[in-house]
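Have a look at this one before I ask anything.
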Amino acid sequence: MTALSDRIFQAYSRNVRDEEVYQYADVSGIQVIRKYKNPELSEKRQFIKFYLDTDGSICLGVDMVIRNKSDTWTIQDSSKFKKISNYLSYGEKEFSFNEDKLLLSYKNKQYNVTDLIDFLEKNHHSDMFRLSRLRNRGISILLSLIFFYVDRKYERMKYLFSNSRGVTSTNVEINFSRPKPDPLFKFFHLFKNPFAFTLGFSLPITWQLSVQLDPTYFTVQNPFFVFLTLSIFLVLEGIGDFLLKNINDKNGFIVKLAERSARIEGTLR
């Protein structure tokens with residue numbers, strides 16, 4: 001144990017709900033096992049940690065834990081409980097620690113060791129990842145629509161797609177191919193989903209207009225409708241090519257969205 005670790009340990013004033021307080025063996029810091037105030041969580045504990053790594057990086061966080069028969073602790077999934085969040089921060093530049101005064105600075109505020117542990121517990125009892133979850137849900141919906149456009153289901157491809165793009169280190173490659181040319185025109189490369197959606201969307205509009213206007217106007221001999229149809233096919237094909245290019249490109253925006261949706265971020269308050 002370091003001399004700084006001894007000072008941090010001695011500067012901490014125990015809370016009445018603290019069961020155990022430890023020093024780290026190889027870094028300077030403190031670990032606190034604290035009971036929850038909520039009687040429904042009487043079998044669970046808060047594992048609060050704060051330490052300075054050997055390179056000066058600050059690590060702090062809280063986990064919900066439960067004691068095993070072997071007298072060790074196992075981290076529990078806090079998402080099952082309302083307004084409780086397990087979190088860990090390491091090496092964030094917005095934190096700084098004054099070793100002489102034993103004060104941690106964060107967002108223009110300073111915390112002594114005791115106040116810091118209470119501050120970490122306070123943030124543990126909050127839904128700090130709510131905005132991140134909403135953001136990721138929105139991204140997942142967008143990615144599902146994109147994959148729907150290229151006749152794929154994102155939820156089925158999510159793990160493979162994300163892992164091959166750098167969320168984890170694998171060598172899996174994905175190469176989505178273009179569809180065969182449309183059998184009606186033998187030229188356009190159209191995906192079935194957007195083609196069917198456009199067709200279904202256009203038919204009621206065309207039918208309504210044909211009722212209100214002259215029905216003879218809506219014929220295949222009308223050059224306007226011929227060029228309009230070809231233009232729609234070109235747009236559909238262009239969008240499909242653009243999406244395929246980004247799906248197959250490891251540096252494309254779709255890949256970056258998939259990687260972003262895999263991250264959960266929160267802010268201490």
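Being a predicted model, the structure only gives us computed values, none of them experimental.
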Would a 4.5 Å heavy-atom cut-off, applied to side chains only, mark Tyr36 and Met64 as touching? yes

Could you tell me if the side chain of Lys49 sits less than 4.5 Å from the side chain of Leu88, heavy atoms only? yes

Suppose the criterion is ring-ring contact (aromatic ring centres under 6.0 Å, His included): which pairs have a residue in residues 48-68, not counting sequence neighbours? Tyr24-Tyr51, Phe50-Phe97

For atom NZ of Lys93, decide whether the heavy atoms of other residues, nucleotides or ligands shown that lie under 6.0 angstrom number more than 12. no

Residues Asn246 and Gly252: closest non-hydrogen pair is OD1-CA, 3.5 Å

CG/Leu116 to CZ/Phe119 distance, rounded to the nearest 0.5 angstrom? 8.0 Å

Quick check: do Asn86 and Val62 have side-chain heavy atoms less than 4.5 Å from each other? no

Take a 6.0 Å sphere around CZ of Arg130 and say whether it holds more than 12 heavy atoms from other residues, nucleotides or ligands. no

Is there a side-chain contact between Glu19 and Lys35 in this structure, where contact means two heavy atoms from C-beta onward sitting under 4.5 Å apart? yes

Rounding to 0.5 Å, atoms CZ (Arg17) and CZ (Arg45) come to a distance of 10.5 Å

Go through the side-chain N and O atoms of Asp55 and Ser57 and say whether any donor and acceptor fall under 3.5 Å apart. yes

Contacts satisfying ring-ring contact (aromatic ring centres under 6.0 Å, His included) that involve residues 236-256 (not counting sequence neighbours) are Phe242-Phe253

If you measure only the distance, is there a donor-acceptor pair under 3.5 Å linking the side chains of Asn15 and Asp18? no

Answer whether the closest heavy-atom distance between the side chains of Val32 and Tyr12 falls below 4.5 Å. yes

Passes side chain to side chain contact (heavy atoms under 4.5 Å, CB included), Asn123 versus Arg269? Steps please. CA-CA 7 Å; Asn123 280 272; Arg269 300 179 182 277; 4.1 Å; yes

Please report the closest heavy-atom contact between Tyr149 and Val235, naming both atoms and the distance. OH-O, 4.4 Å

Could you grab the distance from atom CZ of Phe47 to atom CG of Leu120, nearest 0.5 Å is fine? 12.0 Å

Which atoms form the tightest heavy-atom contact between Ala11 and Val113, and what is the distance? CB-CG2, 4.2 Å

Heavy-atom pair with the smallest gap, counting every atom of Leu52 and Val27: O-CB, 3.4 Å

Salt bridge (Lys or Arg N to Asp or Glu O under 4.0 Å) between Arg67 and Asp71, worked out: CA-CA 6 Å; Arg67 190 188 294 272; Asp71 204 32; 2.4 Å; yes

If you take all heavy atoms of Glu121 and Arg34, which pair is closest and at what distance? OE1-NH1, 2.8 Å

Side-chain donor or acceptor of Asn38 paired with backbone N/O of Glu40 under 3.5 Å: yes

Can you find a heavy atom in the side chain of Lys83 that is under 4.5 Å from one in the side chain of Ser126? no

CZ of Arg137: more than 12 outside heavy atoms within 6.0 angstrom? no

Could you name each residue pair satisfying ring-ring contact (aromatic ring centres under 6.0 Å, His included) that touches residues 68-95, not counting sequence neighbours? Phe95-Tyr106

List the steps and the verdict of side chain to side chain contact (heavy atoms under 4.5 Å, CB included) for His124 and Ile84. CA-CA 6 Å; His124 178 56; Ile84 294 183; 3.4 Å; yes

Are Leu102 and Asn112 packed together at the side-chain level, in the sense that at least one heavy-atom pair is separated by less than 4.5 angstrom? no

Taken to the nearest 0.5 Å, the spacing of Thr74 OG1 from Asp63 CG works out to 11.5 Å

Minimum side-chain heavy-atom gap Leu104-Ile58 below 4.5 Å: yes

Worked check of side chain to side chain contact (heavy atoms under 4.5 Å, CB included) between Phe9 and Val21: CA-CA 8 Å; Phe9 182 79; Val21 181; 3.6 Å; yes

Lys245 bridged to Asp241 by N-O distance under 4.0 Å: no

